[in-house]
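Encoded as structure tokens, the structure appears first; notes follow it.
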Amino acid sequence: QVRLVESGGGSVQAGGSLRLACIANGYTSTTYYMAWFRQDAGKEREGVAALGPAGRPTYLDSVKGRFTISRDSAKNSVYLQMDNLKPEDTATYYCAADERFYGLLPAYDYWGRGTQVTVPA
């Protein structure tokens with residue numbers, strides 16, 4: 001199995017930036033599709049960004065132009081650069097991975113524990 005560990009969360013004022021990182025650890029050499037999700041209190045988990053076949057990114061409409069997903073395959077890591085953060089971006093952000101690609105649907109088999117992002121109004 002693979003274990004995912006997120007980092008980079010924190011509290012930042014509106015308009016600020018954060019960069020999240022997700023490192024995949026395990027004994028497998030399998031390359032996984034990876035994605036970012038978020039969930040705030042009282043809301044459903046939603047897909048934020050994903051890297052699919054050929055490295056093509058997919059984004060939640062509300063973060064387009066502000067968030068950028070990238071991957072370092074050699075390090076088996078995925079990143080989420082978040083710029084111009086807004087209060088509505090406040091949530092716990094989760095890294096997800098799977099041998100199959102699910103886009104922004106929360107069907108991935110492996111999940112990190114999450115990292116908190118807070119943007120006060």
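Since the model is a prediction, treat every value here as computed from it, not as a measurement. In what follows, every heavy atom counts, from backbone to side chain, and hydrogens, waters and symmetry copies are set aside.
- When the side chains of ILVMFWY residues are joined at heavy-atom separations under 4.5 Å, either directly or via intervening members, Tyr93 and Trp111 end up in two distinct hydrophobic clusters.
- The backbone N or O of Asp109 lies less than 3.5 Å from a partner atom in the side chain of Asp98, making a donor-acceptor pair.
- In this structure, the separation between OH on Tyr102 and OG1 on Thr58 is 15.5 Å, given to the nearest 0.5 Å.
- Taking both residues in full, the closest heavy atoms of Ala24 and Val2 are given as CB-CG2, 3.7 Å, listed atom of the first, atom of the second, then distance.
- Salt-bridge formation is detected for the pair Arg38/Asp89: a Lys NZ or Arg NE/NH1/NH2 atom is positioned less than 4.0 Å from an Asp or Glu carboxylate oxygen.
- At a threshold of 4.5 Å between non-hydrogen side-chain atoms, the residues Arg100 and Tyr108 do not count as touching.
- Between Asn25 atom CG and Arg3 atom CZ the span is 9.0 Å, to the nearest 0.5 Å.
- Residues Met82 and Ile23 do not share a hydrophobic cluster, defined by chaining ILVMFWY side chains whose heavy atoms lie under 4.5 Å apart.
- No donor-acceptor pair under 3.5 Å is formed between the side chain of Thr118 and the backbone N or O of Ser11.
- Minimum heavy-atom separation, Leu51 to Tyr33: O-CD2, 3.7 Å.
- Shown here for Ala50 and Phe101, the closest heavy-atom pair between the two residues is CB-CE1, 3.9 Å.
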Does the pair Leu20 and Val78 meet the rule for a side chain to side chain contact (heavy atoms under 4.5 Å, CB included), with working shown? CA-CA 8 Å; Leu20 307 183; Val78 66; over 6 Å; no
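- Salt bridge annotation for Glu6-Arg113: absent, with no cationic side-chain nitrogen under 4.0 angstrom from a carboxylate oxygen.
- No side-chain heavy atom of Tyr110 sits under 4.5 Å from any side-chain heavy atom of Cys95.
- Taken to the nearest 0.5 Å, the OG atom of Ser7 stands 8.5 Å off from the OH atom of Tyr79.
- Of all non-hydrogen atoms in Leu104 and Phe37, the two that sit nearest each other are O-CE2, 3.3 Å.
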Set out, in order, the CA-CA distance, both residues' side-chain angles and the distance that settles side chain to side chain contact (heavy atoms under 4.5 Å, CB included) for Phe67 and Leu18, then state yes or no. CA-CA 10 Å; Phe67 291 10; Leu18 286 172; over 6 Å; no
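- At a threshold of 4.0 Å, the pair Lys64-Asp61 counts as salt-bridged, since one of the basic side-chain nitrogens sits closer than that to a carboxylate oxygen.
- For the atom pair Thr90 OG1 and Asp40 CG, the distance stands at 6.5 Å (nearest 0.5 Å).
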Walk me through whether Asp83 and Ser17 qualify under side chain to side chain donor-acceptor pair (under 3.5 Å). CA-CA 4 Å; Asp83 297 319; Ser17 299; 2.8 Å; yes
Given the rule in the side chain to side chain contact (heavy atoms under 4.5 Å, CB included) test, do Val119 and Gln13 qualify, once you have shown the distances and angles that lead to the verdict? CA-CA 6 Å; Val119 186; Gln13 296 296 313; over 6 Å; no
Test Tyr59 against Val48 for side chain to side chain contact (heavy atoms under 4.5 Å, CB included), laying out the working first. CA-CA 6 Å; Tyr59 295 99; Val48 176; 5.9 Å; no
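- Nearest approach of Gly103 to Ala35, heavy atoms of both residues: O-CB, 4.3 Å.
- Once rounded to the nearest 0.5 Å, the distance linking OH of Tyr32 with CZ of Arg71 reads 10.5 Å.
- The cationic atom of Arg45 (NZ for Lys, CZ for Arg) lies less than 6.0 Å from the six-membered ring centre of Tyr94 and within 45° of the ring axis.
- Between Leu80 and Ala49, the closest heavy-atom pair is CD1-CB, 4.0 Å.
- With no hydrogens or angles considered, no side-chain donor-acceptor pair links Gln39 and Thr92 at under 3.5 Å.
- Linking Ile, Leu, Val, Met, Phe, Trp and Tyr whenever their side-chain heavy atoms come within less than 4.5 Å puts Ile69 and Met34 in one cluster.
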